[in-house]
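Beneath this line is the structure, given in structure tokens, with notes to follow.
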2 protein chains.
Amino acid sequence: MQACGDKPRSGAPKRVRLVDLAAQLGLTKGTVSRALNDHPDISDRTRMRVRKAAEKLGYRPLSHAQAIRTGRVRSLGLVLQVNEHDAHRPFVAEFLAGLSQAASAEDWTLTVATASSDTQTLELLDRLTAEKKADGFILPRTKLTDARIDFLRMRDVPFVLYGRTTDTRGCAWFDIESEKSIEDAVTLLAGLGHHRIGFVPGAEGYTYAKLRHDGYLTGLARSGLPHDPNLIAAPAMARVAGASAAATLLDLSDPPSAIVCSVDGAALGVYDAARHRGLKIGTDLSVISYDGIPETTLLDPPLSTYRVDTRAAGARLAELLIKRCRGAAPEDLRELGRAAFQSRGSHGVAPETS
Amino acid sequence: MQACGDKPRSGAPKRVRLVDLAAQLGLTKGTVSRALNDHPDISDRTRMRVRKAAEKLGYRPLSHAQAIRTGRVRSLGLVLQVNEHDAHRPFVAEFLAGLSQAASAEDWTLTVATASSDTQTLELLDRLTAEKKADGFILPRTKLTDARIDFLRMRDVPFVLYGRTTDTRGCAWFDIESEKSIEDAVTLLAGLGHHRIGFVPGAEGYTYAKLRHDGYLTGLARSGLPHDPNLIAAPAMARVAGASAAATLLDLSDPPSAIVCSVDGAALGVYDAARHRGLKIGTDLSVISYDGIPETTLLDPPLSTYRVDTRAAGARLAELLIKRCRGAAPEDLRELGRAAFQSRGSHGVAPETS
DNA sequence: TTCGTTTTCGAAACCGGTTTCGGCAACAGC
DNA sequence: GCTGTTGCCGAAACCGGTTTCGAAAACGAA
């Protein structure tokens with residue numbers, strides 16, 4: 001039973017402020033504040049006494065009241081772009097879970113906004129930084145040259161990339177080395193006897209698209225296969241574009257016996273194109289893709305793909321950004337991870353007719 | 001070219017505060033503040049002059065500095081529960097888009113946290129309200145008796161339900177009348193000659209699960225069909241549970257010729273169970289479901305389902321909650337919407353052998 | 001015992017806004 | 001011409017914390 005004044009059945013128990021706590025203890029609010037924030041000029045005895053009283057009275061500082069002096073709101077910003085390709089839609093929940101869980105662990109929160117264009121994304125970053133709704137930002141889906149990075153760099157606002165970029169000055173990042181996975185896929189297929197391996201790139205401009213493209217070429221080189229530009233289709237992020245990309249490959253006079261896709265969304269379309277031509281996935285045509293979206297298990301046969309642990313990525317990004325906001329140098333906050341291959345039924349040995 | 005002091009090439013242009021703006025205008029900060037907030041005791045001439053200067057200098061108040069006096073941080077809180085059933089995962093991106101877009105339109109932001117249990121959800125609500133990280137909360141997936149509602153009601157914190165609940169005191173809400181859709185589905189199937197229509201309920205405890213169950217019963221009654229308790233399977237939210245629920249229905253001595261699912265996730269499993277028994281969906285067995293997740297178009301045949309415009313729902317909820325935070329009575333903030341039927345290939349006339 | 005440190009805390013300024021209060025000037029009414 | 005409003009703005013308090021500064025008290029060394 002906390003010693004509440006004499007309001008008998010007031011629904012909302014009055015918030016306890018720093019001064020209340022101080023009065024209760026016979027100290028000044030400055031002293032109490034320093035005690036709670038572990039300043040060295042407070043005796044251990046007092047510090048403990050204050051802690052216990054704060055606990056008992058349920059004192060919790062208002063974050064915006066702290067922010068006014070410290071300048072820090074303890075919040076991570078995230079501007080999601082939801083329009084264009086809906087390919088990354090499925091990851092959002094997992095990504096959020098990782099971010100917010102890691103943020104909560106440090107008593108931070110997550111401020112989310114969504115934009116439908118690059119311009120609107122910059123406007124939102126502008127507003128969020130101007131009003132100081134967040135201390136720093138997570139930038140997903142980074143491009144080779146990325147306007148968000150330029151903007152935040154100019155304003156001296158901390159940020160962490162989920163991806164990489166060309167101009168690395170002041171950049172911290174966490175990224176999955178998808179290029180290694182694509183390279184692996186090519187090597188694996190070559191080992192199964194495939195000589196002609198097609199590739200469906202991701203959307204132009206994004207760093208990961210270029211890296212996966214590079215990974216494809218590296219895989220070919222490592223396997224001693226020639227590079228035929230005809231085997232590289234048009235970029236595709238989703239089912240329909242994937243189908244037409246696969247169509248151009250399969251209609252070649254010398255079509256590939258295997259196709260590697262940069263993203264699972266495109267692979268969905270590859271299945272369509274193959275079905276349409278009477279090709280059986282896994283025997284007539286091998287497909288390996290990347291991402292690990294839930295639909296891949298629904299396909300027949302299930303799609304072999306490299307699965308990204310999006311939740312873990314989010315968690316790591318949050319940790320890095322918090323460190324960055326606390327003053328760590330961006331050069332010390334650069335990490336890479338790997339996707340995990342899910343070997344399922346969509347790839348097999350090359351057909352003999354090849 | 002703004003008249004900046006004399007720092008020549010400083011990367012970060014110094015933030016302009018209220019006092020700076022006031023000094024520039026030869027006014028006091030109190031006057032400027034009142035001018036910007038449209039107080040009636042400021043002349044139009046001054047108000048205009050202040051506005052223009054604020055625009056020119058790019059003045060944006062710090063939201064946490066305002067909050068300290070006003071008590072409002074202009075932020076909507078959302079605690080997502082991501083663990084248990086991953087059935088709602090696909091909606092998250094759309095829901096967020098709706099919420100944050102409507103919030104942005106009013107210059108508010110969205111604070112998101114994720115929990116993996118009911119207890120953790122309450123802990124997060126506790127922390128977010130204690131630190132005042134949000135002015136109010138959106139409560140998705142409401143239950144018949146919901147601890148979150150009790151908690152927020154007790155603390156006098158504004159909230160809006162995405163769903164309904166039993167004890168409506170102090171509750172504002174927006175919800176889709178899914179019970180009407182389920183009722184429609186049953187009626188539609190009965191009209192196609194189905195006499196025995198099975199039902200796969202949603203997870204127990206959630207209001208929508210009970211409502212959809214009610215809708216099923218209403219649909220039967222309206223169609224003059226008898227209610228056979230054997231036709232109601234165990235609750236299922238996802239593919240595996242859906243498959244086993246469908247199995248028990250299909251293995252009845254007098255199995256249904258149609259199955260209505262409370263959620264699309266369960267319907268995925270119904271397809272599995274049907275395939276396993278050599279039943280052709282759409283002819284041997286009709287299936288109609290609810291939600292409109294993307295996977296439904298991938299199925300063969302595509303699943304007939306009632307699609308919810310999750311983005312629009314999010315947008316409306318944000319608008320309602322902002323009104324609620326501004327003092328509107330909860331009783332005036334109660335709205336209902338409808339899902340849209342996507343008639344696809346998974347339902348048809350009842351087989352004659354029935 | 002005395003003097004210089006060190007420890008510990010109170011007092012007050014401070015952060016950047018909002019809100020209250022009071023007074024001056026302009027204006028109307030008689 | 002004098003008073004009573006009204007319009008408009010300055011001055012200062014205020015919100016709830018954090019941080020600085022200085023002084024009293026405790027401590028150690030000589």
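The chains referred to below are lettered A, B, ... by the order of the sequence lines, with proteins before strands, and numbering in each begins at 1. Everything numeric here is computed off the predicted structure, so don't read it as measured data.
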**Carboxylate-amine/guanidinium proximity below 4.0 Å for A:Asp135 and A:Arg326** = no
Legend entry - Test item: B:Thr129 and B:Phe137 side chains (from C-beta on) under 4.5 Å apart, heavy atoms: yes
B:Gln66 has its side chain closest, among C:dG17, D:dC15, C:dT19, to C:dG17
Rounded to whole Å, the CG-P distance (A:Leu18 to D:dC14) equals 18 Å
Q: Test for a donor-acceptor pair under 3.5 Å between the base of C:dG16 and the side chain of B:Arg15, counting only N and O atoms.
A: no
inquiry  = Under a 4.0 Å threshold between the charged nitrogen and the carboxylate oxygen, would A:Asp107 count as salt-bridged to B:Arg127?
reply    = yes
Ranking D:dC9, D:dT19, C:dG16 by distance to the side chain of A:Thr70, first place goes to D:dT19
**Report entry** Any N/O donor-acceptor pair, B:Arg34 side-chain to D:dG10 base, under 3.5 Å
**Finding:** yes
Here the distance between atom P of D:dC15 and atom CG of A:Asp20, to the nearest Å, is 11 Å
Whole-Å distance, A:Lys29 NZ to C:dA11 C1', equals 11 Å
B:Leu62 has its side chain closest, among C:dC9, C:dG16, D:dG16, to C:dG16
ask   = Do side-chain atoms of B:Asp150 reach the backbone of B:Ala147 as a donor and acceptor pair under 3.5 angstrom?
value = no
message = Counting the atoms with a prime plus P, OP1 and OP2 as sugar-phosphate, which does A:His64 contact under 4.0 Å by heavy atoms, base, sugar-phosphate, or nothing?
response = nothing
task: Before accepting this row, confirm whether a basic side-chain N of the pair A:Asp20/A:Lys14 lies closer than 4.0 Å to the acidic partner's carboxylate O.
output: no
**Asked** Hey, are B:Arg316 and B:Glu319 close enough for a salt bridge, meaning a charged N less than 4.0 Å from a carboxylate O?
**Response** yes
Before you tell me yes or no, could you show the steps for A:Thr111 and B:Thr109 under side chain to side chain donor-acceptor pair (under 3.5 Å), namely the whole-Å CA-CA distance, both residues' side-chain angles and the distance that decides it to 0.1 Å? CA-CA 7 Å; A:Thr111 296; B:Thr109 54; 5.2 Å; no
A:Ile68 has its side chain closest, among C:dG17, D:dG16, D:dC9, to D:dG16
The helix from C:dT1-D:dA30 to C:dC30-D:dG1: angle between terminal helix axes, five bp per end, to the nearest 10 degrees, reads 40°
Practice prompt. State whether B:Thr28 places a side-chain N or O below 4.0 Å from either non-bridging phosphate oxygen (OP1 or OP2) of D:dG10.
Written response: yes
message = Looking at B:Asp41 and D:dC8, is any side-chain donor or acceptor paired with a base atom of the opposite kind under 3.5 Å?
response = no
Taken to the nearest whole Å, CZ/A:Arg60 to C1'/D:dG17 is 15 Å
When rounded to whole Å, the CZ to P distance for the pair A:Arg72 and D:dG17 reads 18 Å
To the nearest angstrom, the CG-C1' distance between B:Asp44 and D:dC9 comes to 15 Å
### Message
Could you check whether atom NZ of B:Lys323 has more than 12 heavy atoms from other residues, nucleotides or ligands sitting under 6.0 Å from it?
### Response
no
For A:Ser43, answer base if it contacts any base atom (sugar-phosphate contacts may also be present), sugar-phosphate if it contacts only those atoms, and nothing otherwise; contact means non-hydrogen atoms under 4.0 Å. sugar-phosphate
From NE2 of B:His39 across to C1' of C:dT18 the rounded distance in Å is 7 Å
Does D:dT19 have its OP1 or OP2 closer than 4.0 Å to a side-chain nitrogen or oxygen of A:Arg69? no
Side-chain N,O (A:Thr46) to OP1/OP2 (C:dC9) below 4.0 Å:
yes
In whole angstroms, the gap separating P of D:dT18 from CG of A:Asp38 amounts to 12 Å
